[in-house]
Enquirer: 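Below you'll find the structure I mean.
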Amino acid sequence: MVTPILVDEAGSPLDVGQRLYAFPARIRAAITHPDRHCTFRGCERPPGWCQVHHLVSYATGGRTSERNGTLLCGYHHRHVHRHGWRGEVSDARVLWHPPHRGDPHVPPPPWAGALRALVDDWRGRWRVPEVPAA
């Protein structure tokens, strides 16, 4: 079996052909440098919390390459796949498009309710009793 690997002048892989699904460390590093964090709108989770997502699906012929990969945190990676969001590169940044021109609303993460309850509990503990009007 032969896997074609396109490398730059320093020997860093730029494209690993169709046979390799997972992004090798050097291609991940090349993607991480410009992305710097999860590329989903409003999310800034660091690269260590992110996976590399194929912009053009591997299953439909998308290559495992620097140009076809972007960082997504686990929550947004699952959200993109589950709901069919589509990413495209425009001016060196990734723009995310909702499925079928539907509602671009992204539901809150699963822990949002627990955080809201914690904040409400904290506010309840520190609430100053109202003074009755004279």
Side-chain angles (χ1 to χ4, degrees):
M1 175 168 87
V2 175
T3 301
I5 300 176
L6 176 65
V7 296
D8 65 12
E9 59 277 352
S12 296
L14 299 173
D15 189 350
V16 189
Q18 181 61 21
R19 295 194 178 262
L20 190 60
Y21 175 76
F23 285 84
R26 286 186 170 185
I27 292 180
R28 180 184 168 88
I31 292 168
T32 299
H33 180 71
D35 284 359
R36 298 184 188 268
H37 52 74
C38 175
T39 59
F40 204 87
R41 178 180 62 224
C43 185
E44 294 190 0
R45 287 190 177 97
W49 293 17
C50 295
Q51 301 149 0
V52 181
H53 170 75
H54 286 89
L55 290 168
V56 175
S57 170
Y58 180 83
T60 61
R63 300 179 73 75
T64 300
S65 67
E66 179 183 354
R67 290 183 180 165
N68 192 40
T70 190
L71 293 179
L72 283 174
C73 68
Y75 174 75
H76 286 116
H77 200 181
R78 289 185 301 277
H79 180 78
V80 163
H81 281 284
R82 187 176 302 124
H83 299 288
W85 283 66
R86 184 179 51 82
E88 72 172 332
V89 177
S90 177
D91 295 329
R93 55 184 273 247
V94 179
L95 300 176
W96 290 99
H97 304 285
H100 312 297
R101 299 184 191 273
D103 180 11
H105 173 73
V106 177
W111 44 263
L115 178 62
R116 206 170 18 256
L118 180 68
V119 169
D120 289 344
D121 180 55
W122 181 83
R123 284 182 178 149
R125 291 179 186 198
W126 295 101
R127 183 170 295 151
V128 177
E130 292 184 30
V131 178

Enquirer: In chain order, what residues pass the ring pair (Phe, Tyr, Trp, His ring centres under 6.0 Å) check against His97, with sequence neighbours excluded?
Expert: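 Not a single residue meets the ring pair (Phe, Tyr, Trp, His ring centres under 6.0 Å) criterion with His97.
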Enquirer: Are the side chain of Asp35 and the backbone N or O of Leu71 linked by a donor-acceptor pair below 3.5 Å?
Expert: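 Between the backbone of Leu71 and the side chain of Asp35 there is a qualifying donor-acceptor contact (under 3.5 Å).
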Enquirer: Which heavy-atom pair separates Thr64 from Ala22 by the least distance, and what is that distance?
Expert: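 Closest heavy-atom pair between Thr64 and Ala22: CG2-O, 3.6 Å.
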Enquirer: Could you report the tightest heavy-atom contact between Cys50 and Cys38, atom names first, then the distance?
Expert: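 For Cys50 and Cys38, the tightest heavy-atom pair comes out as SG-N, 3.6 Å.
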Enquirer: By side chain to side chain donor-acceptor pair (under 3.5 Å), which residues pair with Asn68, not counting sequence neighbours?
Expert: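 Partners of Asn68 under the side chain to side chain donor-acceptor pair (under 3.5 Å) test: none.
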Enquirer: Within this structure, what is the NE2-OG distance for the pair His54 and Ser65, rounded to the nearest 0.5 Å?
Expert: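 Output value for this atom pair is 7.5 Å.
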Enquirer: Trp96 and Thr70: which non-hydrogen atoms are nearest, and at how many Å?
Expert: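 So the minimum-distance heavy-atom pair works out to CZ2-CG2, 3.8 Å.
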Enquirer: Which heavy-atom pair separates Pro99 from Gly84 by the least distance, and what is that distance?
Expert: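 Smallest interatomic distance, heavy atoms only, reads CB-O, 3.7 Å.
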Enquirer: Please give me the minimum heavy-atom distance between Pro47 and Arg36, naming the atom from each residue.
Expert: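 Looks like CD-O, 3.3 Å.
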Enquirer: Mind checking side chain to side chain donor-acceptor pair (under 3.5 Å) for Asp121 and listing every partner two or more places apart, or none if nothing turns up?
Expert: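 Testing Asp121 for side chain to side chain donor-acceptor pair (under 3.5 Å), a comparison that skips the adjacent residues, returns Arg125.
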Enquirer: Rounded to the nearest 0.5 Å, what separates atom CZ in Arg45 from atom OG1 in Thr39?
Expert: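 Result: 12.5 Å between the selected atoms.
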Enquirer: Sequence neighbours excluded, which residues qualify as side chain to side chain contact (heavy atoms under 4.5 Å, CB included) partners of Arg78?
Expert: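 Listed in chain order: Tyr75, Arg82.
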Enquirer: For the pair Leu72 and Val80, evaluate side-chain contact (heavy atoms from CB on, under 4.5 Å) and give the outcome as yes or no after the intermediate values.
Expert: CA-CA 9 Å; Leu72 283 174; Val80 163; 3.9 Å; yes
Enquirer: Relative to each other, are the rings of Trp85 and His79 parallel, tilted or perpendicular (30° and 60° limits)?
Expert: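 Tilted, since the angle between the ring planes falls between 30° and 60°.
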Enquirer: Is Ile31 linked to Trp49 within one hydrophobic cluster, defined over Ile, Leu, Val, Met, Phe, Trp and Tyr using a side-chain heavy-atom separation of less than 4.5 Å?
Expert: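 Hydrophobic grouping puts Ile31 apart from Trp49.
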Enquirer: Identify the heavy atoms of Gly74 and Gln51 that sit nearest to each other, and give their distance.
Expert: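 That closest heavy-atom pairing would be CA-NE2, 3.9 Å.
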Enquirer: Calculate, to the nearest 0.5 Å, the distance between atoms CD and CZ belonging to Glu88 and Arg93 respectively.
Expert: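 Taking CD in Glu88 and CZ in Arg93, the distance rounds to 10.5 Å.
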Enquirer: What residues, two or more places apart in sequence or in another chain, satisfy ring pair (Phe, Tyr, Trp, His ring centres under 6.0 Å) together with His77?
Expert: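 Listed in chain order: His53, His81.
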Enquirer: Just verifying a value: how many Å separate Arg41 CZ and His76 NE2, rounded to the nearest 0.5 Å?
Expert: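 If we round to the nearest 0.5 Å, Arg41:CZ and His76:NE2 are 9.0 Å apart.
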